[in-house]
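To start, the structure under review is shown below, and the notes come after it.
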Amino acid sequence: MRATEYLIPTLREIPAEAEVVSHRLLMKAGFIRKAASGIYTLLPLGHRVLLKITRIIREEMDCQGGQEILLPIIQPAELWLESGRWEVYGPELFRLKDRHGRDFCLGPTHEEIITELVRGDVRSYKQLPQLLYQIQNKYRDERRPRFGLLRGREFVMKDLYSFDRDEDGLETSYQKMIVAYNRVFSRCGVEFRLVEADSGPIGGNVSHEFMVLAGSGEALILYCPNGDCGYAANVEKAESRVVEPENKDESRALELVKTPDKRTVEDVTAFLGVGPERIVKTLLYETERGLYAALIRGDRELNEVKLQNLIGAVHLEMAGPETVERVTGAPVGFTGPVGLEGVDLVVDEEVAFMVNCITGANRADAHYQYVNPGRDFPIERVADVRLVREGDPCPHCNRPLVAARGIEVGQVFKLGTKYSEAMGLTYLDEQGQERLVVMGCYGIGVTRTMAAAVEQNHDEQGIIWPAALAPFTVVVVPVNVRDEIQAALAETAYATLREGGLDVLLDDRAERPGVKFKDADLVGYPLRVTVGKTAGDGLVELRVRRTGETRLVSVGELVESVRAFL
RNA sequence: CGGGAUGUGGCGCAGCUUGGUCAGCGCGCUUGCCUUGGGAGCAAGAGGCCGGGAGUUCAAAUCUCCCCAUCCCGACCA
């Protein structure tokens, strides 16, 4: 392509709304424009990057036996009512009505519609397994779209769905996808990590996420620094080993202590002169399945995702002050498990080991001390409901876990029979027995991957595209297009590179060289061919964007030199 | 959903407190001259329902009310 015939609207100033690096640079370098909050247009450069990514994805999906299909984006409400997600998805689901008043939604993900498809056309074990995928726009009315392409309301996603006869088949499909994803992200040139994940509203019980490591990432991950161990998990899922105290104190008799207006862990520890690890926090939660009290050590935070999964609740919310008073008979700040009735107690593993701890007394301005689990309150339901933090011992090898931020670019789920059961997706096995199809789903955020690549690959001057994703691999810049020798040699270089099968842009604009160099650095072409002073000798300068390294080469050896870099 | 802020040519902003030659600046854009190895210079231009609506007033970008949009922070740890 020629720059004079191509839309590359770079900006000198950045729109004020852009905050994160990828958003700023993609706007400034002319890859994207905003249409509405969380909704973007991809300009020619952005679209080329998208095509590069989707091509890699297609190759790897097809390599594993994936078959590409196109699914409707507008989906009838009935399917979502059938799976139960019309309610569960809540306000994040874009809903609309047709002229007859019938309900539809814009697909945020496609389990329903594909389950519907397969149940209509797959009847026999002979037709399984199937791996079907689509690369399409998806819609989620995020409560807060932000960070440009990283969290939009409309985005491009690849989703593959696997349909197997049994769990073994699912395991095979799952492993195939993990292999494929590792290849996809490696080829995209991003630094990533595979972590254990919570499956969230999609459902299922086993899930992993692919995280691009970046400080701007919204996800917090914890991983074991021991390479042989390799444990890594999203904080929502992360576990840590419970350390049982070695020499426990003798348990003492329960004692009420006055704690006037001491409501928080901080207040109570300061007042009683003890550490927060001596306190047990009692957190009251309301769910559609009733009230729950979660007990967690005073220096810990509760992991609501774990609690929600444990209870099996769809809605989980901390109880308001009125509920707390009604249930405990005391204002907020004095809740404790001793004598607490009408709620189910969930005791964190760490709490179960505690001796002589401090809890609220369920009366105003009072706490109990020397509370002992099992003796003073029941420990029937002991579970891991705490939020793991950096430094906690690895659940596998006991070393202190390390924390890092990541951008979730892919997630794989073993759905099991959640959707096939809800929607009646069955097949007949060899014995003529009707059985449920076992499903998995595997997503890649394509537009998000584009942004994540920029988050990880940029400098003060602009983007530095990994070669596999770059909109053009190389840009040819004649320093002075009015110089006939330079212009002619630039044309030759351009033609040579194109014939060599490379993606090349000729910056034939009559701009001063500084402008073209700045733009080239901003857009982030991995290589630049400068045609200038040495044009008379048939030599051009090849410059590597990432390192700034340059060398003179003849046009004849240009293709070879560029190839060598890739 | 709660809180905060902002909306003035394509982009970045000033003007608003103290209504009245305030519709202005920088960048970008167009044309011409000139220049050509890191966002040059000179000259002449084009371009704005001041987010929308309703009020107050002789007079509103400026004051009042409502609405819309956008961005940021937060979302309860007993």
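Per chain, numbering begins at 1; letters A, B, ... match sequence-line order.
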Which nucleotide, if any, forms a Watson-Crick or G-U wobble pair with [N], using both distances under 3.5 Å?
N	value
G48(B)	none
C25(B)	G12(B)
G7(B)	C68(B)
C58(B)	G20(B)
G37(B)	none

I need the [atom1]-[atom2] distance between [X] and [N], as an integer number of Å.
X	N	atom1	atom2	result
Met27(A)	G28(B)	CE	P	19 Å
Asn480(A)	A40(B)	CG	P	14 Å
Leu522(A)	G38(B)	CG	C1'	13 Å
Glu511(A)	U36(B)	CD	P	15 Å
Ile358(A)	A78(B)	CD1	P	14 Å
Ile14(A)	C27(B)	CD1	C1'	13 Å
Arg24(A)	C72(B)	CZ	C1'	14 Å
Leu11(A)	G9(B)	CG	P	16 Å

Exercise for the section: With RNA chain B as reference, determine whether Lys516(A) or Leu284(A) sits nearer its 5' end, using the nearest nucleotide of each. Expected result: Lys516(A)
Fill in the blank from the handout: Judged by nearest nucleotide, the residue sitting upstream toward the 5' end of RNA chain B, His23(A) or Arg263(A), is His23(A)
Could you verify whether a donor N or O on one side chain and an acceptor N or O on the other, from [X] and [Y], lie under 3.5 Å apart?
X	Y	result
Thr259(A)	Asp365(A)	no
Ser207(A)	Gln411(A)	yes
Glu154(A)	Tyr139(A)	yes
Thr10(A)	Asp519(A)	yes
Arg546(A)	Asn457(A)	yes
Asn234(A)	Asp198(A)	no
Thr496(A)	Arg498(A)	no

Nearest of [options] to any side-chain atom of [X]?
X	options	value
Arg482(A)	C76(B), U70(B), U35(B)	U35(B)
Pro513(A)	A78(B), G37(B), G39(B)	G37(B)
Glu19(A)	C77(B), G38(B), C72(B)	C72(B)
Lys281(A)	C71(B), U70(B), C77(B)	C77(B)
Met318(A)	U36(B), U70(B), C76(B)	C76(B)
Glu317(A)	A40(B), C76(B), G38(B)	C76(B)
Ala16(A)	G37(B), C13(B), C77(B)	C13(B)
Asp519(A)	C11(B), C76(B), G39(B)	G39(B)

Problem - Aromatic ring proximity, centroids under 6.0 angstrom, Tyr285(A) and His315(A) - result: no
Handout entry: Letter per nucleotide, 5' to 3', of nucleotides 41-47 of chain B [B base touched, S only sugar-phosphate touched, - untouched; heavy atoms, 4.0 Å]
Key = -------
Exercise for the section: Can you label the angle between the Trp465(A) ring and the Phe31(A) ring as parallel, tilted or perpendicular, going by 30° and 60°? Expected result: tilted
Exercise for the section: Anything under 30° is parallel, anything over 60° is perpendicular, the rest tilted; go ahead and classify Tyr525(A) against Phe472(A). Expected result: tilted
Practice task
Taking the six-membered ring of Trp86(A) (Phe, Tyr or Trp), confirm whether the NZ or CZ of Arg95(A) is under 6.0 Å from its centre and within 45° of its axis.
Solution key: yes
Considering only atom [atom1], compute the distance from [N] to [M] and round it to an integer number of Å.
N	M	atom1	answer
G9(B)	C25(B)	P	15 Å
G19(B)	G32(B)	P	48 Å
G26(B)	C72(B)	P	30 Å
G55(B)	G7(B)	P	25 Å
C27(B)	A43(B)	P	12 Å
A44(B)	G39(B)	P	25 Å
A54(B)	A59(B)	P	15 Å
C73(B)	G38(B)	P	39 Å

Exercise for the section: Would you indicate what Gly532(A) reaches in the nucleic acid, counting non-hydrogen atoms under 4.0 angstrom: base, sugar-phosphate, or nothing? Expected result: base
Practice task
Go through the structure and list residues passing side-chain contact (heavy atoms from CB on, under 4.5 Å) with Ala452(A), not counting sequence neighbours.
Solution key: Val212(A), Ile407(A), Val409(A)
Do [X] and [N] have a side chain to base donor-acceptor pair shorter than 3.5 Å?
X	N	result
Glu13(A)	G28(B)	no
Glu541(A)	G37(B)	yes
Arg144(A)	G2(B)	no
Arg146(A)	U70(B)	no
Asp521(A)	G38(B)	yes

Handout entry: Carboxylate-amine/guanidinium proximity below 4.0 Å for Asp141(A) and Arg153(A)
Key = yes
Fill in the blank from the handout: Under a 4.0 Å heavy-atom cutoff, the residues of residues 329-339 of chain A touching RNA chain B are Val332(A), Gly333(A), Phe334(A), Thr335(A)
Practice task
Indicate whether OP1 or OP2 belonging to G39(B) is found under 4.0 Å from a side-chain N or O atom of Arg12(A).
Solution key: no
Practice task
Examine A69(B): is either OP1 or OP2 under 4.0 Å from a nitrogen or oxygen in the side chain of Ser37(A)? Give yes or no.
Solution key: no
